[in-house]
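Keep in mind that this is a model prediction, so the values were computed, not measured.
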Amino acid sequence: MNSSATSVRRVVTCNDRLIELLPCSAYLTKATPSPSPACCFSVKELNAKANTTAIRSEYCKCFKSAIVGNLVDASLAKGLPGL
């Protein structure tokens with residue numbers, strides 16, 4: 001068997017994306033007035049991974065679903081990429 005036949009493609013879930021944003025939780029819940037350097041790094045990394053319209057759409061759906069029912073400030077979340 002060649003390596004391409006035996007390689008396993010990892011499915012990335014919404015939870016994987018949310019875990020990457022854990023460094024932003026203090027900022028998004030208004031516990032701190034500004035995002036940490038670790039948060040900014042995480043957002044930058046996620047933005048780099050979202051290199052197609054389809055991926056960006058999936059991320060958007062994921063993040064919107066995570067905001068519902070949580071104490072996350074949606075306007076702060078929306079503004080993170082610009083910070």
Side-chain angles (χ1 to χ4, degrees):
M1 267 185 171
N2 65 31
S3 63
S4 64
T6 60
S7 67
V8 176
R9 184 175 177 192
R10 183 175 187 276
V11 175
V12 178
T13 67
C14 180
N15 282 342
D16 292 329
R17 299 290 73 96
L18 295 174
I19 289 168
E20 289 185 63
L21 286 178
L22 280 177
C24 301
S25 62
Y27 174 68
L28 295 174
T29 58
K30 298 183 179 180
T32 60
S34 60
S36 68
C39 172
C40 293
F41 179 80
S42 295
V43 171
K44 183 179 176 181
E45 290 293 306
L46 279 174
N47 192 44
K49 292 175 186 175
N51 55 8
T52 69
T53 301
I55 294 171
R56 287 185 184 277
S57 178
E58 286 301 313
Y59 282 12
C60 185
K61 289 178 200 172
C62 170
F63 299 146
K64 282 182 178 179
S65 70
I67 289 172
V68 175
N70 290 306
L71 300 174
V72 171
D73 184 309
S75 62
L76 292 177
K78 186 177 179 181
L80 266 177
L83 296 175

Whichever hydrophobic residues join I19 through chains of side-chain contacts under 4.5 Å: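 For the cluster that includes I19, the remaining residues are L22.
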
K49: partners by side-chain hydrogen bond (donor to acceptor under 3.5 Å, both in side chains), with sequence neighbours left out: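 Partners of K49 under the side-chain hydrogen bond (donor to acceptor under 3.5 Å, both in side chains) test: E20.
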
List for me each residue that meets side-chain hydrogen bond (donor to acceptor under 3.5 Å, both in side chains) alongside D73, sequence neighbours excluded, and say none if there are none.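 For D73 the side-chain hydrogen bond (donor to acceptor under 3.5 Å, both in side chains) partners, ignoring immediate neighbours, are K30, S75.
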
Taking side chain to side chain contact (heavy atoms under 4.5 Å, CB included) as the test, write out the residues that go with [X], two or more places apart.
X	result
A74	I67
N15	T13, L18
A48	none

Could you tell me which non-hydrogen atom of L76 sits nearest to which non-hydrogen atom of L28, and how far apart they are?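 Nearest heavy atoms, L76 then L28: C-CD2, 3.8 Å.
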
Transitively linked via ILVMFWY side-chain contacts under 4.5 Å: L83 with L21?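 L83 clusters together with L21.
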
Going by side chain to side chain donor-acceptor pair (under 3.5 Å), name the pairs with one or both residues in residues 33-46, residues two or more places apart or in two chains.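 The answer is none; no pair qualifies.
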
Could you name each residue pair satisfying salt bridge (charged side-chain N to carboxylate O under 4.0 Å, His left out) that touches residues 74-83, not counting sequence neighbours?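 Of all non-adjacent pairs touching residues 74-83, none passes salt bridge (charged side-chain N to carboxylate O under 4.0 Å, His left out).
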
With sequence neighbours excluded, residues passing disulfide (SG to SG under 2.5 Å) with C40: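 By the disulfide (SG to SG under 2.5 Å) rule, C40 matches no residue at all.
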
Please identify each residue that fulfils salt bridge (Lys or Arg N to Asp or Glu O under 4.0 Å) with K61, with sequence neighbours left out.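 With sequence neighbours excluded, K61 shows a salt bridge (Lys or Arg N to Asp or Glu O under 4.0 Å) to E58, given in chain and number order.
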
